Amino acid sequence: MELPFAESWKIKMVEPIRKSTREEREQWIREAHYNVFQLRSEQVYIDCITDSGTGAMSDRQWAAMMLGDESYAGAKSFFHLKEVINRLTGFEYVIPTHQGRAAENVLFSHLVKEGDIVPGNSHFDTTKGHIESRKATALDCTIDEAKDTQLELPFKGNVDPAKLEKALAEHAEHIPFIIVTITNNTAGGQPVSMQNLREVRAIADRYGKRVVLDSARFAENAYFIKTREEGYADKSIKEIVAEMFSLADGMTMSAKKDGIVNMGGFIATRHEDWYEGAKRFCIPFEGYLTYGGMNGRDMEALAVGLDENTEFDNLDTRIRQVQYLAARLDEFGIPYQRPAGGHAIFVDASKILTNVPKEEFPAQTLTIELYLEAGIRGCEIGYILADRDPVTRENRFGGLDLLRLCVPRRVYTNNHMDVIAVALKNVFDRRNDITRGVRIAWEAELMRHFTVTLERV
Ligand code: F0G
């Protein structure tokens, strides 16, 4: 008999979690103004709000922390981290930052000017925010198929080369660079193929433009290339990673995802002029160049995390858990962005809460219902997150309206996945009785979903 699959690690330390009653949750979510970001973590049983900074570090990472060199300048830990990044990506210049959005802030301060256009594939909200706050435009060139949640495509995060080509043909002089997000978080944790990265490179070269990879989940992207793209089955994850970055000019990184640290990020590039330009903003915003917002100990943990998480077994354990949750949802007929993404399942709220009008935010409503059902905290990646159009100030209802259930790395077991699936099924079974959603009582102008306050309609 073939042996079943099991995790490539065992557990050395645990953190107790607590269930609650529905009455408690009713009160807590009301006090949180129906915004799950305003819940306290003790009010949550299983936390799927993000996979960012919520992973479990390995014993090797914890051990590395003891070697942290906290020198203000020239710390050994910086050079350890830089060496690993050089080796994995081929990028010579490295600037640490406190997290991914800080990397965006520092690099875009150098590169993005008012009136610019930055084409890409479903820019993440902080990426979009850092472009739009500079009075520039984030132009989404994702393939149209990504919008059909039921379509099974191996690389649903891809850039549409025709859309990108058109953007460059029409606006080349206003385009400072192209940004490709791997994996494409907003489209459902969907990967980008090597073939697509090659196409983007070719188009960029034709117009003399550079390419940035938003690399928060680059290792998961490499796993999908290995397991789905022809010609890569026998390549190691590290070989695939090196090839991906060979097609780019630089990267912004939120190390809280595929670096498996709780906080951290960086910029890396092969171009001295980008490094010199970004340097000027790192010092005032983040800190001196050899720490830029990170502790020495965290840089040590990140160096190990990057190395470990570019090994196949670790990624295989992780992605299979997400696929396990997806298989449970399939059993219950619950629609989500297909196929299952790398870090999360994106449940298609607009196909479930069909009686809730879009003006009342179906995905946010589903997020609230799932929390009430079992204390599970997902988050809306939908109409609230999409913010208003910066020009018309209208809500943007053009995209998908999803409930994202993130799976933190090396944290929960498949028993937890079962609880999530059944809780969602219970909500799904009473979906037709849910007819009203929420209305916005207060919102910030930009990135409103973190602080928005809502009222039940
Ligand atoms: N880029 C992508 C693709 C991301 O998913 C994130 C963060 C960032 C950049 C910004 O990085 O949080 O370190 O500043 N995503 C988290 C999430 C917050 O929940 O998806 P950060």
Side-chain angles (χ1 to χ4, degrees), residues 7-17 41-42 47 49-89 91 93-103 106 215-220 237-238 241 251-268 282-283 285-315 317-318 321 343 406-413:
E7 289 77 6
S8 65
W9 34 258
K10 58 182 178 173
I11 296 165
K12 198 178 304 223
M13 190 187 282
V14 296
E15 175 181 342
I17 50 177
S41 64
E42 301 102 310
D47 205 351
I49 197 167
T50 184
D51 64 320
S52 181
T54 54
M57 293 207 297
S58 68
D59 52 357
R60 286 179 57 221
Q61 286 181 285
W62 281 108
M65 289 191 79
M66 299 307 288
L67 302 175
D69 175 358
E70 307 301 342
S71 301
Y72 189 93
K76 280 202 296 276
S77 304
F78 168 73
F79 293 101
H80 287 162
L81 175 61
K82 182 171 183 285
E83 188 275 320
V84 172
I85 295 168
N86 295 158
R87 180 159 49 79
L88 286 173
T89 66
F91 295 144
Y93 301 100
V94 174
I95 298 178
T97 61
H98 78 273
Q99 60 184 89
R101 68 199 67 185
V106 169
S215 307
R217 301 179 183 84
F218 74 97
E220 291 171 5
I237 296 292
K238 286 190 166 65
V241 165
M251 67 192 286
T252 51
M253 177 71 186
S254 169
K256 303 168 71 170
K257 286 83 168 175
D258 274 348
I260 325 195
V261 289
N262 302 115
M263 196 57 70
F266 58 87
I267 299 164
C282 181
I283 293 174
F285 290 160
E286 292 294 295
Y288 181 63
L289 300 171
T290 57
Y291 72 88
M294 290 187 76
N295 299 308
R297 53 181 171 272
D298 289 345
M299 290 192 281
E300 293 286 355
L302 176 55
V304 175
L306 287 169
D307 192 37
E308 273 182 9
N309 201 34
T310 45
E311 289 298 323
F312 180 76
D313 285 353
N314 199 61
L315 288 161
T317 296
R318 191 253 182 319
Q321 184 170 49
H343 64 295
C406 273
V407 182
R409 293 168 185 76
R410 310 190 286 210
V411 170
Y412 292 114
T413 68

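All values reported here derive from a predicted model rather than from experimental measurement. Numbering of residues begins at 1 and proceeds along the displayed sequence.
- Of the inter-residue distances, the one linking D298 atom CG with M65 atom CE reads 4.5 Å to the nearest 0.5 angstrom.
- Contacts of F218 classified as ring pair (Phe, Tyr, Trp, His ring centres under 6.0 Å), with partners at least two apart in sequence or in another chain: F245.
- Partners of D51 under the salt bridge (Lys or Arg N to Asp or Glu O under 4.0 Å) rule, at least two apart in sequence or in another chain, are R217, R318, R409.
- The local environment of CH2 in W9 is crowded, with over 12 non-hydrogen atoms from other residues, nucleotides or ligands closer than 6.0 Å.
- Distance check, rounded to the nearest 0.5 Å: CE of M263 to OG of S254 gives 9.0 Å.
- M253 places none of its side-chain heavy atoms less than 4.5 Å from the side chain of I85.
- At a threshold of 4.5 Å between non-hydrogen side-chain atoms, the residues L67 and H80 do not count as touching.
- Contact check for K257 versus H343: no side-chain heavy atoms found under the 4.5 Å cut-off.
- Every residue two or more places apart in sequence or in another chain that forms a side chain to side chain donor-acceptor pair (under 3.5 Å) with N314 is listed here: N309, R410.
- The OG atom of S58 sits 7.5 Å away from the CD1 atom of I260 when rounded to the nearest 0.5 Å.
- When every heavy atom of F266 is checked against every heavy atom of P96, the shortest pair comes out as CB-CA, 3.9 Å.
- Interatomic distance, T317 OG1 to E7 CD, rounded to the nearest 0.5 Å: 6.5 Å.
- Residue V261 comes nearest to Q61 through the heavy atom pair CG1-NE2, 4.0 Å, listed as atom of the first residue, atom of the second, then distance.
- A64 and V304 get closest at one heavy-atom pair: CB-CG2, 3.7 Å.
- Minimum interatomic distance between P408 and T50 (heavy atoms only, all atoms of both residues): CG-O, 3.9 Å.
- For the salt bridge (Lys or Arg N to Asp or Glu O under 4.0 Å) test, residues two or more places apart in sequence or in another chain that qualify with K12 are D59.
- The shortest heavy-atom contact between Q99 and R101 is NE2-NE, 3.0 Å.
- The ring pair (Phe, Tyr, Trp, His ring centres under 6.0 Å) search around F285 returns none, not counting sequence neighbours.
- In this structure, the side chains of I237 and E311 stay at 4.5 Å or more apart for every pair of heavy atoms.
- Looking at residues two or more places apart in sequence or on another chain, you find no side chain to side chain donor-acceptor pair (under 3.5 Å) involving T89.
- K256 places no side-chain N or O within 3.5 Å of a backbone atom of A216 that could act as its donor or acceptor partner.
- Partners of F79 by side chain to side chain contact (heavy atoms under 4.5 Å, CB included), not counting sequence neighbours: none found.
- Taking every heavy atom of both residues into account, T97 and A102 meet most closely at CB-CB, 3.8 Å.
- Residues satisfying the side chain to side chain donor-acceptor pair (under 3.5 Å) test with E286, not counting sequence neighbours, are H98.
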task = Before giving the answer on side chain to side chain contact (heavy atoms under 4.5 Å, CB included), spell out for D307 and K238 the whole-Å C-alpha distance, their side-chain angles and the decisive distance to 0.1 Å.
result = CA-CA 9 Å; D307 192 37; K238 286 190 166 65; 3.1 Å; yes
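- With sequence neighbours left out, E70 forms a salt bridge (Lys or Arg N to Asp or Glu O under 4.0 Å) with R297.
- Atom CE of M57 sits about 5.5 Å away from atom CG of N262, to the nearest 0.5 Å.
- For Y291, the ring pair (Phe, Tyr, Trp, His ring centres under 6.0 Å) partners at least two apart in sequence or on another chain are Y72.
- In this view, T54 satisfies the side chain to side chain donor-acceptor pair (under 3.5 Å) rule with no residue, not counting sequence neighbours.
- Using a 4.5 Å cut-off on side-chain heavy atoms (C-beta onward), D47 and I17 make no contact.
- Here K76 pairs with nothing under the salt bridge (Lys or Arg N to Asp or Glu O under 4.0 Å) rule; sequence neighbours left out.
- A distance of 7.5 Å separates CG of L315 from OG1 of T310, quoted to the nearest 0.5 Å.
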